[in-house]
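Scroll down for the structure; my scribbles are underneath it.
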Number of protein chains: 2
Amino acid sequence: MISVRINERLFIRNPEDTVLGKKILKHSVEFIYKVGFESFTFKKLAEEIGTTEAGIYRYFENKHKLLIYITSWYFGWLEYRIKTQTKNINDPTLKLKKIISLLTEPVEDDEQTSYIDESLLHPIIVSEGSKTYLTKQAEENHKQDFFLPYKELSTLIGNIILEYNPNYKYPKSLASTIIEIAHFQNFFMHNLPSLTDFSKNNQENEIIEFLNDLVFSSIKPK
Amino acid sequence: MISVRINERLFIRNPEDTVLGKKILKHSVEFIYKVGFESFTFKKLAEEIGTTEAGIYRYFENKHKLLIYITSWYFGWLEYRIKTQTKNINDPTLKLKKIISLLTEPVEDDEQTSYIDESLLHPIIVSEGSKTYLTKQAEENHKQDFFLPYKELSTLIGNIILEYNPNYKYPKSLASTIIEIAHFQNFFMHNLPSLTDFSKNNQENEIIEFLNDLVFSSIKPK
DNA sequence: CTTTCGTGATAGTAATACTATTATTTTGTT
DNA sequence: AACAAAATAATAGTATTACTATCACGAAAG
C-alpha cells in the first residue's frame, strides 16, 4: 500500500488518518469527476457521504485546498509511478517516451490505494488541475510549497531532457509544457475536438505521438 | 474605431450599445485584472461603477458569460491585429514568428477602442482565459459557438503551419498548443518562475524564442 | 408630446461558504 | 469491562453570492 506525502498546510486534519477523512477523499474525487469543480460544494458532498457540512470543514478549510490536495496526490502518485517504471531504463529517449505515455494515457485504478480511484483522478486533473494555480494567490501558495509535487515532476522531466541534450536551452519550460499539453490536448480532444487533429474518442496514442514528435524535434542536438 | 463581433448569446443586452454597458466592460476588465476572476462579483463591480447589481444583470446572465465575452473580445481583436500585421508578409516563417510575438508580448492599450484597456486584457487572458472552457459545459458552449474566436485564431495559425510544411501532421494541435503555451509560460514566468527558464520580469522575448524554437523544430520538413 | 428606453432604487430568495457549540458514538487503553 | 479520548453527528447561525422581480424616473426618439 503506497502512500503519497502531502503538504500538511493543505488540510486541517489529515484525511488519511480517519474513516471520514478517507470517505471525503474518495467521494470528492467521484463527485468532482461527475459534476465538475464549480458545482462541487461541501454541502452536497456531505449529503453524498452521509455526514454534515461542518464535518468536512474539520478536514479542509475550503474546496480549493481540497482540490490542491487531490492534485498533489495525483502528481505525487504519478512521480512514484514514473520512478518505478523508469528505474531500469538508462536511455533518456526511452525515459522521456515513457513519461509522456504515463502523463497522457488513461489510468487504471491502482489497487494499491484503496480510497482513491485513479481512473477518475486523471480526467479531473485534465479538467481542473490548472485551476489550482491560476489564481491571484499563486505566488503565495507556491511559497508555501502547495505545488511542490508539480514542481518536482517538472524538475525530474527537465533533468532527463538535459541528460538527452545538455545544451538544450529550455529544459524547465519544456518540462512544464509537456505536462500542460498532455492535459490540454486531452481536454480538447474530448471536449473541443476541432482544436486538435485527433479523433474524438480514446485516441490518447495520437496525443502521445504528437508530444513525442514535438519534444524530440526540439531537443535533438542540431 | 474598430469593433469586434461578439456572439449574441453571450449577453442579454449588447453592452456596446449603451453608456452603462461600456462602463461594465471597462470596469470588469480593470476589476478582474485587479482582484482575479474568483473574487470578482457583480455586486462589487456595481459599487465600482456606481450602479446596482440588478443593473449589471440586465447585460450579462452571469460572470462566467462576461468572462467569455471578454475573452472573445480579446481573441477577435488579436485576430484583427494579426491579419493587419501579416497582410504584406508572404513568408510563412515570418508570419508564424509575427503571430508568436503578438501572442506573447505585453500589449499596449489600443487607442482605437475607447472602453477596453488592452494592456490589462492580455494578463487577464493569461490568468483567466482557460477557465472559460475548462468546465463541464465546454461541449455545449462550443456548440453555441462561444469559443469561435479562439477556434478561428487556431485555424488561422494551423493553416499557416500547413503553408510552411503541408506534410506536418498536427497543425491544429500545434496551433492550440502555441496559444496555450504562450499564455502558460507567461503565467509561470510571472507567478511560478521555477517552472520556467525565464527570469521573472518582462522576459517575454525569451518566451518568444522558446516558442519559435519549439515550433520550427517541429514543423521543419525532415 | 408622449411612448419607449435606459437606469436607478428597493426588496426579496435560495444557495454558498463558512463558524460555533453541544451531544453522541466509537476507539484505544488499562 | 470500564473509562478517557478521539471522532463524528446534530443543530444553529452569519455573511456573502447569485440571482429575480417590481416600480419609478429622466432622457431621447418618433
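What you see is a predicted model; the values in this text were computed from it and never measured. Every chain is numbered from 1, with letters handed out A, B, ... down the list of sequences. These values consider heavy atoms only, across backbone and side chains, with no hydrogens, waters or symmetry-generated copies.
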| task | Provide the start and end nucleotides, 5' to 3', of the part of DNA chain D that has atoms under 4.0 Å from heavy atoms of chain A. | result | D:dA7 to D:dT11

| note | Whole-Å distance, B:Asp17 CG to C:dT7 P, equals 10 Å

| query | Under 4.0 angstrom, heavy atoms only, what part of the nucleic acid is B:Tyr59 near: base, sugar-phosphate, or nothing? | reply | sugar-phosphate

| message | How many whole angstroms separate atom CZ of A:Phe60 from atom C1' of C:dC18? | response | 16 Å

| Between atom CD1 in B:Ile56 and atom P in C:dA9, what is the gap in whole Å? | 13 Å

| query | Between A:Arg13 and A:Glu8, is there a side-chain N and carboxylate O pair less than 4.0 Å apart? | reply | no

| task | Give a yes/no on whether any side-chain N or O of A:Tyr57 is located under 4.0 angstrom from OP1 or OP2 of C:dA20. | result | no

| With nearest nucleotides of DNA chain C determined for B:Thr52 and B:Leu20 from heavy-atom distances, which residue corresponds to the more 5′ nucleotide? | B:Leu20

| said: Here's a test of your reading of the structure: between B:Ser39 and A:Glu53, which maps to the more 5' nucleotide of DNA chain D? | reply: A:Glu53

| Could you give the NZ-to-P distance, from B:Lys23 to C:dT7, as a whole number of Å? | 9 Å

| query | Is A:Lys44 atom NZ crowded by more than 12 heavy atoms from other residues, nucleotides or ligands, each under 6.0 Å away? | reply | yes

| field | Other residues, nucleotides, ligands: >12 heavy atoms within 6.0 Å of A:Tyr33 OH | value | no

| task | Let me know the distance between CD of A:Glu61 and P of C:dT19, rounded to the nearest Å. | result | 7 Å

| query | In this structure, are over 12 heavy atoms from other groups packed under 6.0 Å from B:Phe75 atom CZ? | reply | yes

| Does B:Thr51 make a side-chain N or O approach to OP1 or OP2 of C:dG8 shorter than 4.0 Å? | yes

| task | Evaluate the salt bridge (charged side-chain N to carboxylate O under 4.0 Å, His left out) criterion for residues A:Glu140 and A:Lys143: first the C-alpha distance (whole Å), next the side-chain angles of each, then the deciding distance (0.1 Å), finally the verdict. | result | CA-CA 5 Å; A:Glu140 188 191 324; A:Lys143 278 189 197 137; over 6 Å; no

| field | Atom pair distance, as rounded to whole Å: CZ in B:Phe11 and C1' in C:dG6 | value | 16 Å

Which pairs would a plain distance check flag for residues 152-159 of chain A, meaning a side-chain donor or acceptor within less than 3.5 Å of a matching protein atom at least two apart in sequence or in another chain?
{"residue": "A:Thr155", "atom": "OG1", "partner": "A:Lys151", "partner atom": "O", "Å": "2.8"}
{"residue": "A:Asn159", "atom": "ND2", "partner": "A:Thr155", "partner atom": "O", "Å": "3.4"}

| Side chain of B:Thr18 - closest among C:dC18, C:dT7, C:dA9 | C:dT7

| query | Looking for any heavy atom pair under 4.0 Å, which part of the strands does B:Lys44 touch: base, sugar-phosphate only, or nothing? | reply | sugar-phosphate

| What is the distance, rounded to the nearest whole Å, between atom CZ of A:Arg58 and atom P of C:dT24? | 16 Å

| Roughly how many Å is it from CD1 in B:Ile12 to P in C:dT7, rounded to a whole number? | 14 Å

| DNA chain C: B:Gly21 or A:Phe42, which has the more 5' nearest nucleotide? | B:Gly21

| said: Salt bridge check, A:Glu16 against A:Arg5: does any charged N sit closer than 4.0 Å to a carboxylate O? | reply: no

